[in-house]
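Labels below follow one simple rule: chain letters A, B, ... track the order of the sequence lines, proteins then strands, and each chain is numbered from 1. Since we're looking at a predicted model, the values are computed, not measured.
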There are 2 protein chains.
Amino acid sequence: MTTIQDVARHAGVSVSTVSNVLNGRTDQMRADTLARVEHAIKMLQFRPNKLARQLKTGQTPLLGLLVPSMANPMYSYIAREIEAIAQERFGYRLVIGSTHRTSDREASFFEDLLAHGVRHVIVISSLSDERHIELAVERGMTVVSYDRPATLGQPSLIEHVTPDNFEAARLATEHLIRYGHTRLAFATVSGMTMSRSNKIRGFLAAAEHAGIQAGAHVFDSGPLEDYGDSVIAEVGYALALQIANAPARPTGVVAVNDLLALGLMAGLRETGLQVPRDVSVVGIDGHFLSALSNPMLTTVELPVPEMARAMVERALRRRDANTEVEATGCEAIFPPTRLIERESVAPPPQEGGPGAPQQPSATRNP
Amino acid sequence: MTTIQDVARHAGVSVSTVSNVLNGRTDQMRADTLARVEHAIKMLQFRPNKLARQLKTGQTPLLGLLVPSMANPMYSYIAREIEAIAQERFGYRLVIGSTHRTSDREASFFEDLLAHGVRHVIVISSLSDERHIELAVERGMTVVSYDRPATLGQPSLIEHVTPDNFEAARLATEHLIRYGHTRLAFATVSGMTMSRSNKIRGFLAAAEHAGIQAGAHVFDSGPLEDYGDSVIAEVGYALALQIANAPARPTGVVAVNDLLALGLMAGLRETGLQVPRDVSVVGIDGHFLSALSNPMLTTVELPVPEMARAMVERALRRRDANTEVEATGCEAIFPPTRLIERESVAPPPQEGGPGAPQQPSATRNP
DNA sequence: TTGAAAGCGCTAACAT
DNA sequence: ATGTTAGCGCTTTCAA
């Protein structure tokens with residue numbers, strides 16, 4: 001490996017001169033010196049060792065990214081956007097990790113990042129306990145959290161970027177109501193993250209506003225969590241069964257996200273219910289996969305590229321020493337882009353009419 | 001930040017003693033010394049700086065992973081498996097990058113990894129030109145390449161792990177043939193990677209073996225490449241149109257991968273063709289999303305966890321100085337796990353029978 | 001305008 | 001059994 005020493009020797013200058021050109025301090029430099037150094041760099045194919053530099057400066061162009069699961073298409077979509085911006089605009093690379101929403105994995109990831117000198121992290125977590133994150137901040141990290149609004153009145157050291165989950169769910173629900181649905185379901189995996197409970201609030205608010213809160217219910221999948229995985233099919237089926245067997249069966253369901261909506265539609269099909277004839281489904285995310293389903297999924301699109309940009313900028317922006325404490329203002333909430341109308345929503349079936357589905361084989365009743 | 005010096009001072013020993021316990025050289029050490037050091041480490045919450053260590057040892061517990069696109073669910077699935085093994089078995093973290101299959105992005109990623117001291121890389125690329133990779137190997141990296149078999153007879157410095165693409169496509173095609181199909185299509189995005197051409201060979205071989213090679217054709221999407229993206233819907237539609245309008249319309253199609261199969265089924269629907277009544281589709285990958293489609297996709301499952309393990313082991317296994325040159329043996333080909341029969345394959349429709357589809361609005365003819 | 005030198009935090013001979 | 005010390009490759013005062 002060629003070092004700065006080699007370059008200095010080759011150019012007949014000192015290492016500090018080479019270092020100066022590496023860092024753009026060439027204003028006071030004689031043109032031919034600069035030229036000699038640059039030539040030597042080219043000749044020797046010299047690449048400065050970022051590690052050595054970082055040991056000195058305490059800076060490394062690496063951005064940590066923590067996601068619940070890389071295998072979940074929505075997170076990998078967000079990750080791709082984050083990567084593109086971090087790379088193109090700031091020259092940062094991504095160190096990524098899946099946490100499966102466990103705080104010990106999160107904590108150990110932070111430990112490692114710290115040890116590697118990474119000082120900028122984006123966390124998609126929604127874990128209720130932010131203590132290990134705040135600890136990292138105290139140790140000098142800049143962290144921005146996704147999908148988890150700042151706790152009100154509690155000034156936090158970490159910045160928050162989040163879609164307006166309340167509004168997204170409200171929009172989805174309103175759409176169903178506009179189509180005439182009065183018996184509504186909100187389908188979610190179990191485990192109450194802040195983003196999920198905000199979606200539920202939006203769902204309920206829309207129902208209430210339409211005066212049909214009595215017909216609006218929340219269904220969750222039971223104790224499955226790693227739904228970025230193949231289990232999504234099982235989760236969808238379990239949920240479909242619950243919905244199919246509910247006393248006054250819902251005719252419209254809002255899914256907590258697109259992936260669950262896809263799983264749910266598959267499950268519904270297995271129980272013998274047709275979408276949208278028997279039950280309408282709307283998703284939240286606007287992931288490109290939702291355009292591939294049959295029927296194509298109607299969904300609320302989230303502004304992923306914009307949120308990704310906001311996160312990267314906040315994570316990489318140099319903090320002016322003491323600005324950190326002024327908290328409160330450090331939250332950005334992004335309204336959903338729009339509702340994409342496709343094929344999974346129709347008016348509710350006539351009561352007892354021709355659209356009545358065959359009775360599914362129930363195994364479970366909520 | 002607490003350093004090894006602080007620990008040494010706190011424990012009343014020298015830094016080398018601390019270093020020794022950090023590196024497990026505690027056999028010759030007096031028990032109480034060890035205890036004091038360990039206590040000090042705990043007290044001060046000391047985490048050794050991996051950067052400083054690496055500057056000394058030239059080792060950093062980071063694994064580089066290059067994928068065409070993180071947003072492609074198949075790659076993010078593979079990435080998740082790789083991450084899990086690298087982390088759990090070797091304590092390595094992942095530095096990930098999307099290359100969009102361009103060699104300058106690949107090259108710049110290698111540059112950066114090198115500068116960061118990363119010496120182990122897994123590349124999913126299939127670019128025909130491996131020169132920039134071999135260059136990285138010469139500079140001391142261990143790289144393993146996925147989905148790109150070693151060029152025969154040409155000893156390579158890099159290890160190759162790949163599914164048996166020929167066999168996977170052959171299996172898929174054979175399945176269609178077994179159902180009675182004689183007019184077959186292979187649907188792929190354009191851009192000839194080695195894995196794609198091997199799949200095509202497998203497709204053709206199966207057709208030939210059944211004596212129906214005259215009815216077997218390859219369709220490609222035209223000049224679209226970044227199909228990890230939303231464009232998959234357009235690609236699927238373009239391909240569906242080609243297939244629908246082909247002179248003797250194929251009744252069975254093998255898709256180059258599951259994602260394309262999903263896009264194709266969506267496209268087919270738009271052209272008015274029904275799967276599997278009018279045309280049967282089989283995918284390659286066995287991705288969990290294929291279980292969610294309607295109809296559920298019949299697909300050839302690839303042994304992703306096994307391949308991921310093989311890649312990580314090869315990438316992180318210490319190379320014995322000169323073992324590198326003995327090439328040839330450094331290739332592992334994984335046969336497909338099995339064919340997962342689901343709903344997207346049926347016998348071909350009767351000629352001119354009731355299954356005949358409405359004429360789609362053609363805009364393009366292959 | 002350029003060079004000498006002191007570290008950044010850690011490891012690993014080599015001493016003791 | 002433990003301590004001393006010389007770097008790893010770079011940045012950055014401070015001198016010249």
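- Considering only heavy atoms from C-beta on, Q54(A) stays 4.5 Å or farther from P61(A) through its side chain.
- The CG-P distance, from L22(B) to dT2(D), rounds to 15 Å in whole Å.
- Close to dA12(C), at under 4.0 Å from its OP1 or OP2, lies a side-chain N or O of R25(B).
- Between N23(B) and dT11(C) there is a side-chain N or O to OP1 or OP2 distance below 4.0 Å.
- The side chain of N49(A) sits closest to dG9(D) out of dG9(D), dT11(D), dT2(C).
- Here R317(B) pairs with E159(B) in a salt bridge; the nearest charged N to carboxylate O distance falls below 4.0 Å.
- Per the geometry, CD1 belonging to I4(A) stands 11 Å off P belonging to dT12(D), to the nearest Å.
- Using a 4.0 Å cut-off between a side-chain N of Lys or Arg and a carboxylate O of Asp or Glu, R101(A) and E106(A) do not qualify as a salt bridge.
- With respect to the salt-bridge test (charged N to carboxylate O, under 4.0 angstrom), the residues E81(A) and R309(A) do not qualify.
- Atoms CD (Q5(A)) and C1' (dT11(D)) sit 12 Å apart, rounded to a whole Å.
- Here the C1' atom of nucleotide dC10(C) and the CE atom of M1(B) are 11 Å apart, to the nearest Å.
- For T57(B), whose side chain is taken as the heavy atoms from C-beta onward, the closest listed nucleotide among dA12(C), dT12(D), dC10(C) is dA12(C).
- Considering CG of L63(B) and CZ of F90(B), their distance stands at 10.0 Å, rounded to 0.5 Å.
- We find that CG of N20(B) is positioned 9 Å from C1' of dT2(D), with the value rounded to whole Å.
- Listed candidates were dG9(C), dT11(D), dG3(C). Nearest to the side chain of A52(B) is dG9(C).
- Side chain K56(B) to base dG7(D): a donor-acceptor pair is found below 3.5 Å.
- To the nearest angstrom, P of dC8(C) lies 17 Å from CD of Q59(A).
- As rounded to whole Å, 16 Å separates atom P of dG9(C) from atom CD1 of I41(B).
- Taking 4.0 angstrom as the limit, S14(B) places a side-chain polar atom (N or O) nearer than this to OP1 or OP2 of dG3(D).
- In summary, E134(B) and R139(B) do not engage in a salt bridge, as defined by a charged side-chain N under 4.0 Å from a carboxylate O.
- The stretch residues 27-35 of chain B has no heavy atom under 4.0 angstrom from DNA chain C at all.
- Within the 4.0 angstrom heavy-atom criterion, only backbone atoms of the sugar-phosphate kind lie near V13(A); the bases stay farther away.
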Identify each atom pair where a protein N or O and an N or O of nucleotides 14-16 of chain D are less than 3.5 Å apart, giving names and distance.
none

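- At the phosphate of dT11(D), OP1 or OP2 sits under 4.0 Å from a side-chain N or O atom of S19(A).
- Residues R119(B) and T142(B) are not in side-chain contact: their nearest non-hydrogen atoms beyond the backbone lie 4.5 Å or more apart.
- In this structure, of dT11(C), dT11(D), dC8(C), it is dC8(C) that holds the atom nearest to the side chain of L55(A).
- Relative ring orientation between H132(A) and F110(A) is described as perpendicular, the plane-to-plane angle rising above 60° on a 0-90° scale split at 30° and 60°.
- As a whole-Å value, the separation of F46(A) CZ from dC10(D) C1' is 8 Å.
- Considering only side-chain atoms of P48(A), the nucleotide from dC10(D), dA6(D), dG3(C) that sits closest is dC10(D).
- Relative ring orientation between H120(B) and Y92(B) is described as perpendicular, the plane-to-plane angle rising above 60° on a 0-90° scale split at 30° and 60°.
- Checking dA5(C), dG3(D), dT11(C) against every side-chain atom of S16(A), the shortest atom distance belongs to dA5(C).
- The closest side-chain heavy-atom distance from H116(B) to L62(A) is below 4.5 Å.
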